[in-house]
There are 2 protein chains.
Amino acid sequence: MASIKDVAAAAGVSVATVSRVLNDHPSVSADARTRVMTAVAALGYRPNAVARSLRTDQTRTLGLVISDVLNPYFTELARSVEEEARALGYSVIIGNADERPDLQDHHVRTLLDRRIDGLLVSPTDGGSPLMLDAARAGTPMVFVDRWIRGVDVPVVRADGQGAVRELVAHLHRLGHRRLAIIAGPAATTTGSERVEAFRAALAEYGLALPDAYTGQGDFQADSGRRVTEGFLDLPEPPEVIFAADNLMALGALDAIRARRLRVPDDVALAAFDDIPWFPHTDPPITAIAQPTGELGRAAVRALVDRIEGRTPTSVTLPARLVVRRSCGESSLAPTRSPQSCPTQAPVQPVPTQSPVQRSTS
Amino acid sequence: MASIKDVAAAAGVSVATVSRVLNDHPSVSADARTRVMTAVAALGYRPNAVARSLRTDQTRTLGLVISDVLNPYFTELARSVEEEARALGYSVIIGNADERPDLQDHHVRTLLDRRIDGLLVSPTDGGSPLMLDAARAGTPMVFVDRWIRGVDVPVVRADGQGAVRELVAHLHRLGHRRLAIIAGPAATTTGSERVEAFRAALAEYGLALPDAYTGQGDFQADSGRRVTEGFLDLPEPPEVIFAADNLMALGALDAIRARRLRVPDDVALAAFDDIPWFPHTDPPITAIAQPTGELGRAAVRALVDRIEGRTPTSVTLPARLVVRRSCGESSLAPTRSPQSCPTQAPVQPVPTQSPVQRSTS
DNA sequence: CTGAAAGCGCTTACAG
DNA sequence: CTGAAAGCGCTTACAG
């Protein structure tokens, strides 16, 4: 592969001059510039990004460590992150933690070794020493979706509290009183916050959230299946199961189907995170939708601000409830007729409660 | 951040010695080794992968350019690729082409600039000059899923011919005669091969595939929606719509739902690629499943073989039909009762036709 | 077993 | 405007 030396030789200039035209440095004669451009084209020369990074101490690369690539929520997040990063002149390297702290650390370490300019993380756990050290050592970092308390790192996330209250109101209106939740790992913020929001909303209706109705999942499908089986084995099974993410809802559906039970007649089901398939499941699933694309973009902007010396801003955007049929027929709805549910614009009967919130971390 | 010089100074040895212990070179005294290890631990030193890559001319990194991250098929492929690569000591950088040739080229270029050791590609088009040049220039490369004719690059893919024949047999048995397909871009192999397999299978039953029943999609949901609307507007709409991938099937479902039509009563639907949601849609969707994980692993093995000087092998694995209810009730099935459809092991009434096939490219 | 030195492919003050 | 030279952080023959 041609190097800068080859180009310099072909153009009859020094490597310094080649470097200058490649980097659009102003002080280069028009003549030198054209000769270099010609040589570059003739040789099909492409600068070695590795060498450039070593010299400039910047890689123009962002690391993104997500909890699970098989989760459509994170996949959509990753897509918007890459898009925004590209618009700002950065590449992104994705690491998939698969909800495993050890794998998460593996990726953080690898990314750090590659000297990425900044790190976007959705932590799988309460914070590994590695990540905390990196943050303290001054690695530009931003948390997306999930975060870790007590670390001075900006957070970009959705607030689901309002939407969870609306969900509980919806369920209560439909006559449901025995509500259960499949929670995510307590060590993650989304794992604990969603349970707490649910518990608080139930309390407003004088309803308790007994331990038997609080199943411990890990955000993956299998755990949703397992926890649901436990719920259904109870002497008094819940009337509603609220899965704290879409994959556990998938697992719950599997378990319910396996017992030949019907949703919502035998058990109602709702999920956190909306995905394109939810309007099409049998029945369509009521879900809490996050502004995923906007979160990804805001996270990149915050990280790039941090990298380029500006002050990064934490961002919290509201999630919203999308009512479908999996919790029962709303008395407001006319009759049980097939609904039109285009993927891009899900039905949204309940208005978004609060405007975009921005707060400085 | 500490460099190798700092470690050498702290340990009282030369940087050469530090490098040797870091790389497990045999000729280092036990004493020197322990002093270096101690210094490394004390400083929290981590070798700079950028510098190492520049010096050794290898990055231990594979590039993976996939057609669309939002497509669960590619997401599963990416996961298995990363897993196998990690097992073999490589990292992988994913580039998402979003079915756009220009974006694909952007990622190939970026990856090449970073001097990845090898490239795994599922081409979005018939082959950009950039990619063809890279292949000719000797960049280690392997095609996964989709490929390009006339280039000497190993291919790892699934053969769907047998499964498509089984699908058509299934449809014919159910009494369907007007069958339509939503095809992918003709410039991609999977875009054209699936149509041809479908056409050939229809011919065996004396059925034609008229132009009006051949819709041009781009493997993304919107195109499935658009093409389906066209089909439904026909004076004589098809009885079955076969979507050449899962996202176009999602779009088709949207379009069908929007018209308040029912699957399979008004139109039957089948898809290429099986995904965890298909058992749960309304109705569960009949699909052709690829051995995705195995494809990803085989592709990595082929690429690493190529990189490390061994002879890479092309691999073709059979796809298989998974019958569900979206094409109508099979006369074999007892009654319309809810089925048990665990995500992990979809119902597979039709036996896999051929054993694993391996052929050298 | 160990160190001094060269060199990977760039960028960038420094002189001219 | 241009080039010679230093240096980014490593690895690896080469000598000893």
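Each chain gets a letter, A, B and so on, in the order the sequences are listed, and its residues count up from 1. Predicted model, so just to flag it, every value in this text is computed and none were measured.
- Listed pair A:Ser19 / C:dC10 fails the phosphate criterion, with no side-chain N or O lying under 4.0 Å from OP1 or OP2.
- Contact annotation: B:Arg52 side-chain N/O to D:dG9 OP1/OP2 distance is not under 4.0 Å.
- Listed nucleotides D:dC10, D:dA13, D:dT2 differ in distance to B:Arg20; the shortest reach to its side chain belongs to D:dA13.
- Under 4.0 angstrom from either OP1 or OP2 of D:dG3 there lies at least one side-chain N or O belonging to A:Ser14.
- For D:dA15 and D:dT11, the P atoms lie 22 Å apart once the distance is rounded to whole Å.
- Within 4.0 Å (heavy atoms only), A:Ser27 reaches at least one base atom of the nucleic acid.
- In this structure, of D:dT11, D:dA4, C:dG3, it is D:dT11 that holds the atom nearest to the side chain of B:Val15.
- For A:Ser29, a side-chain nitrogen or oxygen approaches OP1 or OP2 of D:dT2 to under 4.0 Å.
- Paired with A:Leu62 under the rule side-chain contact (heavy atoms from CB on, under 4.5 Å), one option of A:Ile93, A:Leu119, A:Leu303 passes, and it is A:Leu303.
- Counting only heavy atoms from C-beta on, A:Lys5 has its side chain closest to C:dC8 among C:dC8, C:dC10, C:dT2.
- Nearest-nucleotide assignment on DNA chain C puts the 5′-proximal partner with B:Pro26, out of B:Pro26 and B:Arg115.
- Residue A:Asn48 places no side-chain N or O under 4.0 Å from the OP1 or OP2 atom of C:dC8.
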Based on Watson-Crick and G-U pairs with both distances under 3.5 Å, what dot-bracket line describes DNA chain C 5' to 3', crossing pairs as [ ] and inter-strand pairs as |?
|||.||||||||.|||

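- The side chain of A:Leu54 sits closest to C:dG9 out of D:dC10, C:dG9, D:dT12.
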